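Okay, so here's the structure we're looking at.
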Amino acid sequence: LYEFLKDKFANYRFDAISGGIQKYTEYLVVKYIKLILRKTKQKNFVGSGGLYMNIKLNKAISEIKDIKDIFISGSAGDESLSIGACYYLNKKEKSYSLKNLYLGYKEKKVNLNNKISKKIKIKRIKNSDEIVKELVQGKIIGMFNDRAEFGARALGNRSILARPDLRDTVKKINEAVKNRDFWMPFAISILKKYHKNYILNEKSLRSPHMTMGFDTIKNKLKFIISGTHPYDETVRPQILEKSFNEKYYDLILKFYKITKIPALLNTSLNLHGKPMVNNIDQAIYTLENSDLDSLVINYKYILKKN
């Protein structure tokens, strides 16, 4: 197909081609699901497979009038086949649903003094108050806590966090760490209790894994502006429930009590072109080779460059 595609698309911008593919994908999938709903009389939809990592598509599906509820796998691509295999092999035993996606690597107890260079200073903290203080001041913080997330989304344990209401935060993070195109949006983590004050979610859909796209409430956009798309002002939220990640929830709650904003900008903890940080060596390397203001280790230490 190469020559055919070359002839058809050679004179079009890449974003026009991508936009057309996106629109056509939404059209086909929504049409297909409407036919299924008509035939089965079902009101609920569950999506899995790499296609459903497309949060704009999931938004279009959720807006189908006859759909009552939609659930998208937290890691919808082929990487989650391993989980299905475990369920299948364990079918004779009692099965249970996953409570969260913190299924990855957990660093064993380490001596940080053996890990860092003279460029880094360590401060032990009693609780998350010190972290909140830095976030309120507009600092960009890397978070390395407990078990890593499974799948493609940073959900607070291997994340970069910042205030979501400062317009220059996106530029600051890109210059400090990410080096991404200006139009590539970041996301937010927002407390479930308050999310409807900022996000249009009339069907009360859950989005614990950042798999859904939503419209924002226009007069509240300024409070989460840096975690939304710069063109259409949509948002890809992690709607956080306390049972999902209690420490992360309490951190955002403390931030809310000071700023009256129940959300934080959240993007993955990694340098441009590098995979998401997994272990503590990678986290320290990221701090040393970026302009992150600080790195939090298991809510016990704050590391900064001298």
Side-chain angles (χ1 to χ4, degrees), residues 47-50 52-55 58 71-87 96-108 128 131 135 140-162 164 173 177-178 180 184-192 195 206-213 227 235-252 263-287 290 292 295-300:
S48 188
Y52 295 105
M53 295 304 287
N54 186 325
I55 62 107
N58 297 340
F71 176 81
I72 305 298
S73 168
S75 189
D78 288 348
E79 71 279 355
S80 60
L81 289 172
S82 56
I83 297 176
C86 290
Y87 272 106
Y96 56 91
S97 60
L98 290 173
K99 302 299 183 187
N100 56 58
L101 280 186
Y102 303 107
L103 306 173
Y105 179 77
K106 184 175 182 179
E107 190 74 64
K108 295 177 181 177
S128 59
I131 307 168
L135 288 167
I140 301 171
I141 298 179
M143 300 290 283
F144 180 92
N145 298 307
D146 301 324
R147 299 189 77 94
E149 298 87 337
F150 177 85
R153 308 297 191 211
L155 302 172
N157 281 6
R158 301 290 188 278
S159 290
I160 294 172
L161 304 181
I173 292 176
V177 192
K178 292 290 194 173
R180 306 196 313 178
M184 295 178 69
F186 293 129
I188 61 168
S189 298
I190 187 166
L191 302 183
K192 181 182 178 182
H195 83 277
R206 296 181 70 220
S207 181
H209 308 121
M210 279 189 189
T211 53
M212 298 290 298
V235 65
R236 181 192 69 192
Q238 175 191 10
I239 300 177
L240 187 61
E241 302 169 38
K242 189 166 186 175
S243 60
F244 189 81
N245 188 331
E246 187 171 347
K247 290 180 181 177
Y248 189 35
Y249 186 97
D250 289 341
L251 177 75
I252 299 176
L264 290 172
L265 180 148
N266 176 3
T267 188
S268 57
L269 179 58
N270 65 290
L271 295 170
H272 180 69
K274 298 283 187 181
M276 200 150 114
V277 162
N278 188 44
N279 60 45
I280 201 163
D281 290 329
Q282 294 166 358
I284 293 171
Y285 177 87
T286 301
L287 175 64
S290 72
L292 279 174
L295 172 68
V296 174
I297 305 292
N298 292 330
Y299 293 95
K300 293 180 180 178

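Please read all numbers here as calculations on a predicted model, not as lab measurements. Position 1 is the first residue of the sequence; numbering continues from there.
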Donor-acceptor check, side chain of [X] to backbone of [Y], threshold 3.5 angstrom: yes or no?
| X | Y | answer |
| --- | --- | --- |
| Arg206 | Phe71 | no |
| Asn278 | Ala148 | no |
| Glu149 | Arg158 | yes |
| Ser159 | Asn266 | no |

Interatomic distance, [X] atom [atom1] to [Y] atom [atom2] [nearest 0.5 angstrom]:
| X | Y | atom1 | atom2 | result |
| --- | --- | --- | --- | --- |
| Leu240 | Tyr248 | CG | OH | 7.0 Å |
| Leu264 | Ile160 | CG | CD1 | 13.0 Å |
| Ile83 | Ser73 | CD1 | OG | 7.0 Å |

Heavy-atom closest pair, residues [X] and [Y]:
| X | Y | result |
| --- | --- | --- |
| Asn298 | Asn145 | N-OD1, 2.8 Å |
| Ser290 | Leu271 | CB-CD2, 3.7 Å |
| Ile190 | Pro237 | CG2-CB, 4.2 Å |
| Ala263 | Ile188 | CB-CD1, 4.4 Å |
| Leu265 | Pro164 | N-CB, 3.8 Å |
| Ser75 | Gly151 | OG-CA, 3.2 Å |

Salt bridge (Lys or Arg N to Asp or Glu O under 4.0 Å): pairs with one or both residues in residues 263-286, sequence neighbours excluded:
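Non-adjacent pairs meeting salt bridge (Lys or Arg N to Asp or Glu O under 4.0 Å): Lys115-Asp281.
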Residue pairs passing the salt bridge (Lys or Arg N to Asp or Glu O under 4.0 Å) test where at least one lies in residues 76-85, sequence neighbours excluded:
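Qualifying pairs, neighbours excluded: none.
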Counterpart residues, side chain to side chain contact (heavy atoms under 4.5 Å, CB included), relative to [X] (two or more places apart):
| X | answer |
| --- | --- |
| Lys300 | none |
| Ile131 | Ile125, Ser128, Leu135, Ile141, Met143, Leu251, Val296, Tyr299, Ile302 |
| Ser268 | Ala154, Lys178, Asn270, Met276 |
| Glu107 | Tyr105, Val110, Phe144, Asn279, Ile280 |

Run the salt bridge (charged side-chain N to carboxylate O under 4.0 Å, His left out) test against Arg147 and tell me which residues pass, sequence neighbours left out.
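So Arg147 forms no salt bridge (charged side-chain N to carboxylate O under 4.0 Å, His left out) with any residue.
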Not counting sequence neighbours, which residues clear salt bridge (charged side-chain N to carboxylate O under 4.0 Å, His left out) with Lys247? List them please.
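Counting only residues at least two positions away or on another chain, Lys247 forms a salt bridge (charged side-chain N to carboxylate O under 4.0 Å, His left out) with Asp146.
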Quick one: list whatever passes side chain to side chain donor-acceptor pair (under 3.5 Å) with [X], sequence neighbours left out.
| X | result |
| --- | --- |
| Thr267 | none |
| Gln238 | Ser189 |
| Asn245 | Tyr102, Asn157 |

Residue among Leu295, Val277, Val177 satisfying side-chain contact (heavy atoms from CB on, under 4.5 Å) with Leu287
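Going through Leu295, Val277, Val177 one by one, the side-chain contact (heavy atoms from CB on, under 4.5 Å) with Leu287 is satisfied by Leu295 alone.
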Apply side chain to side chain contact (heavy atoms under 4.5 Å, CB included) to the pair Met53 and Asn58, showing each step before the final yes or no.
CA-CA 8 Å; Met53 295 304 287; Asn58 297 340; over 6 Å; no
Please check if the distance between the ring centroids of His209 and Phe244 is under 6.0 Å.
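Yes, they do, as the ring centres are separated by less than 6.0 Å.
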Given side chain to side chain contact (heavy atoms under 4.5 Å, CB included), test Leu269 with Leu292 step by step and report yes or no.
CA-CA 10 Å; Leu269 179 58; Leu292 279 174; 4.1 Å; yes
From CA spacing to verdict: side chain to side chain contact (heavy atoms under 4.5 Å, CB included), Asn100, Leu155
CA-CA 10 Å; Asn100 56 58; Leu155 302 172; over 6 Å; no
